[in-house]
Structures are given as C-alpha cells and as structure tokens.
Amino acid sequence: MSAPRVDVTRVDDVAVVTFSAPPVNLYSLELHDAFDTALDAVEADLPRALLVRAEGTLVSGGVDVAQFHDRKTQEDTKDLYDRMIELPDRIAALDVPTFFAAHALTLTWALEVALACDVVLASEKAKFGLVERVIGLTPTMGGTQRLAQRAGVGRAKEVVLTGELFDAATFERWNVVNRVLPVDGFDDAVLDVVRQVAVGPTQAFGAAKRILRAYETGGVPGANEVTTQIASALFATEDLQHGMESFLQDGPGRASFTGR
C-alpha cells in the first residue's frame, strides 16, 4: 500500500482537503496524522469554506483492522478510539462552512467524518454504511450519534444494527445527505455548491454554527440564551455594515461580502 496523503489546495476562497490512502483509503493512524497536518494548515489560514474529498475509486472501504487488532488491552483500545474521534470533532469545531463530497462507496470512518461536516454532497452512485458489526464493534468516531441528529434515533439504529449499505437517494430522503448530484461532472458541481457559500458572509455563517451547537446541547432554550450575544457581535463585521448599506441603497441580493 502507498503511504497515506492528505493534501490542501486552495480554489478561490475554498480550502480543498483531499485524502488518499491507496488502494481503498482505509483509516489508519498514519492517515490521521496526515489529516492533522492538513487541518493545521487550514486553521492557520482559515478559508471561507472547507471541502473534504477523496481520491480513488472509493471514498473509503473502512478501517485498517490490523491497527485495532494490535491493541492488547482495553486501555490501549480506548486510547485508539480517543484518538480516532478527534478527527471528526476537529472538523465539526471549525467556524467556517464545511462540506464533504462522497463520489462512491463511503464506509465507517469516512461516513463519520462526512457527518461531522455541515453539508454532505453525494453522487448518484454513492453508497454509505456503518458496518462495524462485521468485526463485532460499534462505530467509534461519533457516527452513531451524528446520524441520529440528522435522521433520528430509529434510523441510526437501523444503519448500525443491520450493517447494510444505503444508497444516496435513501440517505437524502432521511436527511443524512443534503444533495444528490449527477455522476457526470460531480466534482465541478460540488465546487459550484461550495463556492456559492464561500462568497457569502463568512462571519455570519460561523455565528449560525455556534448557535446550532448551543441548540445541539441545550435545545431551543439553550440556543436562545446565546443567540442575541452571538448575533450582536456581528455588528463589528464589515460584511454586516456593508450588507445593510447595500440593502438600503440598492435592494436585496446586491451586496458582495469579503468574509470580514
């Protein structure tokens, strides 16, 4: 197998994080280390949107089971799982809009990373699964709970307990996938969606994400407690001041935003 690689490229104001671990993009600690280096670069120069995608015929065939099997104690195993869950948590914590592109089969860890992103875009041929049951395990990177957030507890149980594969249309119907796009031109269509968001008011999007995090932990009351403070802080942004002036002078939809 080739050494895993995670590259960061910039397309306008979008950071594109592309992972590759041939032949089938299995999760390994080496791949995770490469992700950390890539995310360090992203955080050091925050884009206005982040896109996570994979190279290869598959998004991922799962995890390197040998790295699980090498653990000899429960404590060592927990250390591994603690490390693994850091990756989706780190992506979820970003204040910029985040997108995941699933062009093909997306299993286990890759689906869990996708669920940590704000928007999941899938090609018509993509399939998804949390198939940890085949080795007697349950998902360890937050996929169960994040799936429940999107689709409900009943659907999360179905996905995890059956270990079946689900097509993109089904996951879109269950609100797991945000949009299903044609196979032909998929990469360009994904970038079009991401760019449309990247030119928006980035600080306001980050504010919305913080309010939604409060909702996830405290429901509507918890979100209400922080909404006015978070929203009023946007007063100091160039985008809000310009957006209001543009609205009053030229009408809606004519403002251009810089992300500041």
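Numbers here are sequence positions counted from 1.
Placement of Val96 and Val17 within a single hydrophobic cluster is found when ILVMFWY residues are connected by side-chain heavy-atom separations under 4.5 Å, directly or transitively. In the hydrophobic cluster analysis, where Ile, Leu, Val, Met, Phe, Trp and Tyr join through side-chain heavy atoms closer than 4.5 angstrom, Phe166 is grouped apart from Met141. Hydrophobic clustering of Ile, Leu, Val, Met, Phe, Trp and Tyr side chains at less than 4.5 Å, counting indirect connections, keeps Tyr215 apart from Ile230. Linking ILVMFWY residues whenever their side-chain heavy atoms come closer than 4.5 Å, directly or via other members, places Val42 and Leu87 in the same cluster. In the hydrophobic clustering of ILVMFWY residues, with side-chain heavy atoms under 4.5 Å counting as a link, Ile135 and Val160 come out apart.
For the pair Arg195 and Leu51, the minimum side-chain heavy-atom distance is 4.5 Å or more. Using a 4.5 Å cut-off on side-chain heavy atoms (C-beta onward), Val113 and Phe100 make contact. Within the 4.5 Å cutoff, no side-chain heavy atoms of Val6 are placed close to those of Thr37. Using a 4.5 Å cut-off on side-chain heavy atoms (C-beta onward), Leu58 and Asn25 make no contact. The shortest side-chain heavy-atom distance between Thr106 and Lys127 does not fall under the 4.5 Å cut-off. Using a 4.5 Å heavy-atom threshold, the side chains of Glu172 and Asn178 count as separate. Counting heavy atoms from C-beta on, the side chains of Val14 and Leu50 never come closer than 4.5 Å. Contact annotation: the side chain of Phe99 never approaches that of Val120 to less than 4.5 Å [non-hydrogen atoms, C-beta and beyond].
Side-chain contact of Gln145 with Glu216: a donor-acceptor pair under 3.5 Å is absent, judged by distance alone. Side-chain N/O atoms of Asp167 and Thr170 include a donor and acceptor closer than 3.5 Å. In the model, Thr18 has no side-chain atom that pairs as donor or acceptor with a side-chain atom of Asp7 under 3.5 Å.
Atom-to-atom distance recorded for Leu115:CG and Leu111:CG is 4.5 Å, nearest 0.5 angstrom. In this structure, Leu130 CG and Glu112 CD are separated by 5.5 Å, a value rounded to the nearest 0.5 Å. How far CG of Leu181 is from CD of Glu124: 8.0 Å, rounded to the nearest 0.5 Å. Rounding to the nearest 0.5 angstrom, the gap separating the CG atom in Leu240 from the OG1 atom in Thr237 is 4.5 Å. Distance CD/Glu43 to CG/Asp95: 10.5 Å, rounded to 0.5 Å. Rounded to the nearest 0.5 Å, atoms OG1 (Thr140) and CG (Asp82) are 10.0 Å apart.
Of the possible donor and acceptor atoms, one in the side chain of Thr227 sits under 3.5 Å from a partner among the backbone N and O of Ala223. At least one donor-acceptor pair closer than 3.5 Å links the side chain of Arg48 to the backbone N or O of Gly200. With hydrogens and angles ignored, the 3.5 Å screen pairs no side-chain donor or acceptor of Glu164 with any backbone N or O of Gly129. Thr73 places no side-chain N or O within donor-acceptor distance of the main-chain N or O of Arg71, the cut-off being under 3.5 Å. A donor-acceptor distance shorter than 3.5 angstrom exists from the side chain of Thr98 to the backbone of Asp118, with no hydrogens or angles considered. In this structure a side-chain-to-backbone donor-acceptor pair under 3.5 Å is missing from Ser246 to Gly243. Side chain of Arg179 to backbone of Val119: no donor-acceptor contact under 3.5 angstrom is found. The main-chain N or O of Gly142 is never found under 3.5 Å from a side-chain atom of Arg146 such that the two would form a donor-acceptor pair. In this structure, the side chain of Lys125 does not engage the main chain of Val183 through any donor-acceptor pair within 3.5 Å. With Asp239 contributing its side chain and Pro201 its backbone, the two residues share no donor-acceptor pair below 3.5 Å.
Taking the centre of each ring, Phe171 and Phe128 come in below the 6.0 Å mark. Aromatic ring centres of Phe68 and Trp109: separated by at least 6.0 Å.
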Query raised in the report: Should Asp79 and Arg83 be marked as a salt bridge (charged side-chain N to carboxylate O under 4.0 Å, His left out) after you check the CA-CA gap, both sets of side-chain angles, and the distance that decides it?
Result: CA-CA 6 Å; Asp79 287 343; Arg83 171 67 172 144; over 6 Å; no
Report task. May I have the step-by-step check of side chain to side chain contact (heavy atoms under 4.5 Å, CB included) for Leu39 and Val8, ending in yes or no? Result -> CA-CA 8 Å; Leu39 292 173; Val8 181; over 6 Å; no
Query - Audit row: Glu158, Arg155, salt bridge (charged side-chain N to carboxylate O under 4.0 Å, His left out) steps and yes/no - result: CA-CA 5 Å; Glu158 179 179 356; Arg155 290 301 191 190; 2.9 Å; yes
Query raised in the report: Would Val199 and Ser256 satisfy side chain to side chain contact (heavy atoms under 4.5 Å, CB included), going step by step from the backbone distance to the final call?
Result: CA-CA 8 Å; Val199 297; Ser256 59; over 6 Å; no
Query raised in the report: Could you go step by step and tell me if Val197 and Phe205 meet the side chain to side chain contact (heavy atoms under 4.5 Å, CB included) rule?
Result: CA-CA 9 Å; Val197 174; Phe205 294 156; 3.8 Å; yes
Query - Test side chain to side chain contact (heavy atoms under 4.5 Å, CB included) applied to Val159 and Thr144, step by step - result: CA-CA 9 Å; Val159 173; Thr144 304; over 6 Å; no
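Across all non-hydrogen atoms, the minimal contact from Ala110 to Ser60 is CB-CB, 3.6 Å. Scanning all heavy atoms of the two residues, the minimum distance from Pro4 to Ser28 falls at CG-OG, 4.3 Å. A pairwise comparison of heavy atoms in Arg133 and Leu161 identifies NH1-O, 2.8 Å as the closest pair. Minimum interatomic distance between His103 and Gly56 (heavy atoms only, all atoms of both residues): NE2-O, 2.7 Å.
Few gaps surround OH on Tyr81; more than 12 heavy atoms of other groups in view lie less than 6.0 Å from it. Shown here is Asp184, whose CG atom has no more than 12 heavy atoms of other residues, nucleotides or ligands within 6.0 Å.
Below 30°, between 30° and 60°, or above 60°: for Phe19 and Phe35 the angle between ring planes is between 30° and 60°, a tilted geometry.
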